[in-house]
Amino acid sequence: MEFPKQNFPEWYNEVIEKAGLVDKRYPVKGMHVWLPYGWKLMRNIDEYFRKIFTEHNHEEVYFPLLVPETEFKKEGEHIKGFEDEVYWVTHGGTTPLDVKLVLRPTSETAMYPLFSLWIRTHADLPLKIFQIVNVFRYETKQTRTFIRVREVHFFESHTAHATAEEAEEQIRENIEIWKKVAKKLALPYVLVRKADWDKFPGAHYSIGAETIMPSGRTLQIATIHQYLQNFSKAYDIQYLKEDGTHDYVHQTTFGMSERLVGAIVGIHGDDRGLIIPPEIAPIQVVIIPIVMKDKERILEEARKIKGELEGHYRVHLDDRDNYTPGYKFYDWELKGVPLRLEIGPRDLEKGQVVLVRRDTFEKISVGREEYIQKIGELLGDIQSNLLSRAEKEMASRIKNFDILEGIKEHDGIAVVSWCGSEECGHKIEELTEKKIIGIPMEKRKGKCVICGKETDTLAYVAKPY
RNA sequence: GGGGCCGUAGGGUAGCUUGGCAUCCUACCACCCUGGGGCGGUGGCGACCCGAGUUCAAAUCUCGGCGGCCCCA
């Protein structure tokens, strides 16, 4: 690595390419190529989404990429929020289309016309589906790999319920799912309710999971939205109740994206490169044979070890002949493999292997009779260590402020009392030159930093990506 | 939204002011030598973002396009 992590923007750009996550040279702005190693990481995350949402009674579907303009424009707030940043398909070949098509920026407008056909009676509810697809947004701001891109690898779940209470219950369930996801990825976060002017276009309210990157900027890594009947009225999604009357369904969504990879890179990495949490690492253990005179004997032993570990862990044997062990150490550290296993002549003699942790660089010699189990313990320990040290780091960047002074310079989240009015909210944003990224669940008595009114509402003020 | 910097082999660069043979490092290929923290040697392959203009001549100057990076709002 050429850049230290302190130099975050440069470090970030360097590590994602050198570690083999993406190739940014694709000649369209805001779009990059996923390389095998990076794609495997993304796919491991996707697989977890499939598992956890299936356990929570969601079913996977796939809707088309193109949405007709007529459907896209049905919900007023939604279209206002997105019309400036969608890609339009205007021609079929050389023939102009009668009805233009948009590349989905998210799939509400693709799905809900079909929801209207699928949902007839209360027996059809709740409906819970998800899909993992690419969405397109014509970002006008500076693009950043994983963090702000024009083609986004996206997860979205959509639910429909009979009552507002059931939709609220779904929001609570989504939060529980998010907690599991965050643990799996070892990501620290805070949950906030978005300010009214900042909620998802068309939503009744929005909840965001926000984390803090090393630059001090916050990154929204998951969003949960309560729509109530805002979309069902626009798309005429009605069901027949037991009493014979009709009502519109109540809807929620949950979205996550490749930003999670950006967060993992930024939050866990160090001066030597990536550190990938064991739970989702493409390779959990890399075996490096230290081959000297006994080349064949050691390689044979390394292959045997690989065979022994394969049923338990995701393991890779680096038997490249043209590189020295030292080179391989640096290489796999850059790629963030959580655990390295060295096997050389000395170990062979003693019937042991050497294990080296990526998070602490601790070296552990362990006998062959117990090493399989020890690896499991170490991987678990690395996972929890990554999370706890990231949580500590994040907590140190969240600071209370009684006055506006100092907030501008604070690298992280400033917590202030706020009366909740849009007027005072915008003043806070203007004076601090930052944004209210949301309202924490936590309440505390105080006086609004702008108008001085008594309040128990707090605001998180930060510079978001 | 505003400002600035930039585009030369796979990657990183020199050359650009003052137009004329494109520099070095790395990677890659071949052979030799090696191996518990980025081995070394010899030889080789490989580039001026795209388009238009000025000119005898453009990496270099002018204009446009595409793309990248940083900072500020």
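Proteins get letters first, then strands, A, B, ... in listed order; numbering begins at 1 in each. Just so it is clear, the values below take in all heavy atoms, side chains as well, and ignore hydrogens, waters and symmetry mates.
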Chemist: Taking atom C1' of B:G38 as reference, at what distance in whole Å does atom CZ of A:Arg340 sit?
Modeler: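 Those two atoms, CZ and C1', are 12 Å apart.
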Chemist: Taking atom P in both B:C16 and B:A59, what distance in whole Å separates the two?
Modeler: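 Between the two P atoms, the distance is 14 Å.
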Chemist: Please determine, for the side chain of A:Pro345, which listed nucleotide (B:G37, B:G38, B:G36) has the closest atom?
Modeler: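 The closest nucleotide is B:G36.
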Chemist: On the side chain of A:Glu333, is there an atom forming a donor-acceptor pair with the base of B:G37 - under 3.5 Å, no angle test?
Modeler: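 Yes, a donor-acceptor pair under 3.5 Å.
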Chemist: Could you tell me whether the phosphate oxygens of B:G1, OP1 or OP2, come under 4.0 Å of any side-chain nitrogen or oxygen in A:Lys141?
Modeler: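 No, no such contact exists.
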Chemist: Considering only NZ, NE, NH1 and NH2 on the basic side and carboxylate oxygens on the acidic side, decide whether A:Glu85 and A:Arg150 come within less than 4.0 Å.
Modeler: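 A:Arg150 and A:Glu85: not salt-bridged.
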Chemist: Rounding to the closest angstrom, what is the interatomic distance between B:G12 and B:C48 at atom P?
Modeler: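 The same atom, P, in both gives a distance of 16 Å.
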Chemist: What I'd like to find out is whether the side chain of A:Asn400 reaches to under 4.5 Å of the side chain of A:Val415, using heavy atoms alone.
Modeler: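 A side-chain contact under 4.5 Å exists here.
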Chemist: On RNA chain B, compare the nucleotides closest to A:Lys24 and A:Arg272; which residue's is nearer the 5' end?
Modeler: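 Nearest-nucleotide comparison on RNA chain B picks A:Arg272.
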Chemist: Take the protein atom OH of A:Tyr138 and the nucleotide atom P of B:G1, then report the distance between them rounded to whole Å.
Modeler: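 Distance check: A:Tyr138 OH to B:G1 P gives 10 Å.
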Chemist: Between B:G35, B:G37, B:C69, spot the one nearest the side chain of A:Gln142, thanks.
Modeler: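 It is B:C69.
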Chemist: How long is the gap from NE2 on A:His316 to CD1 on A:Ile283, to the nearest 0.5 Å?
Modeler: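 A:His316 NE2 to A:Ile283 CD1: 5.5 Å, rounded to 0.5 Å.
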Chemist: For the pair A:Asp319 and A:Arg303, find out whether any cationic side-chain nitrogen is under 4.0 Å from an anionic carboxylate oxygen.
Modeler: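 No.
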Chemist: Send over the distance from A:Glu14 CD to B:G68 C1', rounded to a whole Å.
Modeler: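 Going from A:Glu14 (CD) to B:G68 (C1'), I get 16 Å.
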Chemist: Using the P atom as the point on both nucleotides, what is the distance between B:A58 and B:G19, in whole Å?
Modeler: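 Pairwise P distance, B:G19 against B:A58, rounds to 13 Å.
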Chemist: If you assign A:Gly30 and A:Phe329 each to the RNA chain B nucleotide with the nearest heavy atom, which residue ends up on the more 5' nucleotide?
Modeler: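 Looking at the nearest nucleotide for each, A:Phe329 comes out on the 5' side.
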Chemist: Take the protein atom CZ of A:Arg320 and the nucleotide atom C1' of B:A27, then report the distance between them rounded to whole Å.
Modeler: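 Atom-to-atom, A:Arg320 to B:A27, this comes out as 13 Å.
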Chemist: Using the P atom on both, measure B:C56 against B:C72 and round to a whole Å.
Modeler: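 Pairwise P distance, B:C56 against B:C72, rounds to 48 Å.
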Chemist: How many whole angstroms separate atom CZ of A:Phe3 from atom C1' of B:C69?
Modeler: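 Computing the A:Phe3:CZ to B:C69:C1' distance gives 10 Å.
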Chemist: Can you confirm if the aromatic rings of A:His78 and A:Phe200 lie within a centre distance of less than 6.0 Å?
Modeler: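 Yes: the rings meet the under 6.0 Å criterion.
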Chemist: When the C1' atoms of B:G51 and B:G67 are compared, how many Å lie between them, rounded to an integer?
Modeler: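 Those two atoms are separated by 15 Å.
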Chemist: Given B:G67, B:G35, B:G37, which nucleotide is nearest the side-chain atoms of A:Ile290?
Modeler: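 Per side-chain heavy atoms of A:Ile290, the pick is B:G35.
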Chemist: Distance between the P atoms of B:G46 and B:G40, in whole angstroms?
Modeler: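 Comparing P positions in B:G46 and B:G40 gives a spacing of 25 Å.
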Chemist: Check every strand shown and say whether A:Asp321 touches a base, only sugar-phosphate, or nothing at a heavy-atom separation below 4.0 Å.
Modeler: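 The answer is base, as A:Asp321 lies within the cut-off (heavy atoms under 4.0 Å) of a base atom.
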Chemist: What is the separation between atom CD1 on A:Ile364 and atom C1' on B:G36, rounded to the nearest whole Å?
Modeler: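 One finds 16 Å between C1' of B:G36 and CD1 of A:Ile364, rounded.
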Chemist: Indicate whether the side chain of A:Thr106 and that of A:Glu108 have a donor and an acceptor atom separated by less than 3.5 Å.
Modeler: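 Judged by distance alone, the side chains do pair up.
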Chemist: Name the closest nucleotide to the A:Lys29 side chain, picking from B:G37, B:G36, B:G67.
Modeler: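 For A:Lys29, the side-chain atoms sit closest to B:G67.
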Chemist: Under a 3.5 Å cut-off for both distances, is B:C66 Watson-Crick or wobble paired, and to whom?
Modeler: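 When the pairing criteria are applied, B:G7 turns out to be the nucleotide that pairs with B:C66.
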Chemist: Please assess A:Ser206 against A:His225 for the test side-chain hydrogen bond (donor to acceptor under 3.5 Å, both in side chains), listing each intermediate value before the final yes or no.
Modeler: CA-CA 4 Å; A:Ser206 295; A:His225 307 293; 2.7 Å; yes
Chemist: Rounding to the closest angstrom, what is the interatomic distance between B:C49 and B:U60 at atom C1'?
Modeler: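 Going atom to atom, C1' in each nucleotide, I get 15 Å.
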Chemist: Output the single nucleotide from B:G35, B:G68, B:A27 whose closest atom is nearest the side chain of A:Val291.
Modeler: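 Nearest to the side chain of A:Val291 among the choices is B:G35.
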Chemist: Can you tabulate the close N/O pairs, meaning under 3.5 Å, that link protein atoms to atoms of nucleotides 9-11 of chain B?
Modeler:
residue: B:G10; atom: O3'; partner: A:Arg25; partner atom: NH1; Å: 2.5
residue: B:G10; atom: O2'; partner: A:Arg25; partner atom: NH1; Å: 3.2
residue: B:G11; atom: OP1; partner: A:Arg25; partner atom: NH1; Å: 3.2

Chemist: Counting any heavy atom closer than 4.0 Å, what does A:Lys463 reach on the DNA or RNA strands: base, sugar-phosphate only, or nothing?
Modeler: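 Sugar-phosphate contact only.
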Chemist: Ignoring backbone atoms, establish whether A:Asn13 has a side-chain N or O less than 4.0 Å from OP1 or OP2 of B:C70.
Modeler: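 Looking at the OP1 and OP2 atoms of B:C70, one of them is under 4.0 Å from a side-chain N or O of A:Asn13.
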Chemist: Output yes when at least one side-chain N/O atom of A:Tyr323 is less than 4.0 Å from OP1 or OP2 of B:C28, else no.
Modeler: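 Yes, A:Tyr323 has a side-chain N/O under 4.0 Å of OP1/OP2 on B:C28.
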Chemist: Tell me whether the OP1 or OP2 atom of B:U34 has a side-chain N or O from A:Lys295 closer than 4.0 Å.
Modeler: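 False: A:Lys295 side-chain N/O out of range (4.0 Å or more) of B:U34 OP1/OP2.
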Chemist: Counting Watson-Crick and G-U wobble pairs only, both distances under 3.5 Å, name the nucleotide matched with B:G35, or none.
Modeler: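 Because no pair has both required distances under 3.5 Å, B:G35 counts as unpaired.
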Chemist: Does B:U60 have a Watson-Crick or wobble partner in any strand here, with both distances under 3.5 angstrom, and which is it?
Modeler: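 The base-pairing partner of B:U60, which may sit in any strand shown, does not exist here.
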Chemist: When you get a sec, tell me which of B:C71, B:G37, B:G36 is the closest nucleotide to the side chain of A:Arg144?
Modeler: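 Looking only at side-chain atoms, A:Arg144 lies closest to B:C71.
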Chemist: Are A:Trp34 and A:Tyr26 near enough that their ring centres are under 6.0 Å apart?
Modeler: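 That pair fails the under 6.0 Å test.
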Chemist: Report the distance from atom CD of A:Glu10 to atom P of B:G68, rounded to the nearest whole Å.
Modeler: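 Nearest whole value for this atom pair: 16 Å.
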Chemist: Do A:Asp198 and A:Lys435 sit within salt-bridge range, that is, some charged N less than 4.0 Å from a carboxylate O?
Modeler: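 No, no charged N to carboxylate O under 4.0 Å.
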Chemist: May I ask whether A:Tyr330 stacks on the base of B:G38, given the cut-offs of 5.5 Å between ring centres and 30° between planes?
Modeler: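 Stacking between A:Tyr330 and B:G38: present.
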Chemist: Please determine, for the side chain of A:Thr143, which listed nucleotide (B:G1, B:G35, B:G68) has the closest atom?
Modeler: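 The nucleotide sitting nearest to the side chain is B:G68.
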Chemist: With side chain to side chain contact (heavy atoms under 4.5 Å, CB included) as the criterion, how do A:Phe82 and A:Arg137 come out once you've worked through the C-alpha distance, each side chain's angles and the decisive distance to 0.1 Å?
Modeler: CA-CA 8 Å; A:Phe82 280 106; A:Arg137 297 178 186 180; 4.1 Å; yes
Chemist: Roughly how many Å apart are B:G15 and B:C71, using the P atom of each and rounding to a whole number?
Modeler: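 That atom pair is separated by 26 Å.
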Chemist: Please tell me if A:Lys328 has a side-chain N or O lying less than 4.0 Å from either OP1 or OP2 of B:G35.
Modeler: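 The answer is no; no side-chain N or O of A:Lys328 sits under 4.0 Å from OP1 or OP2.
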Chemist: Write down the distance between NZ (A:Lys363) and C1' (B:G36), rounded to a whole number of angstrom.
Modeler: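 Roughly 7 Å, once rounded to whole Å.
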Chemist: Return yes if the base of B:G36 and the side-chain atoms of A:Asp347 contain a donor-acceptor N/O pair under 3.5 Å, otherwise no.
Modeler: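 Checked by distance alone, the answer is yes.
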Chemist: Charged N to carboxylate O below 4.0 Å: is that the case for A:Lys295 and A:Asp321?
Modeler: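 Answer for the salt bridge query: yes.
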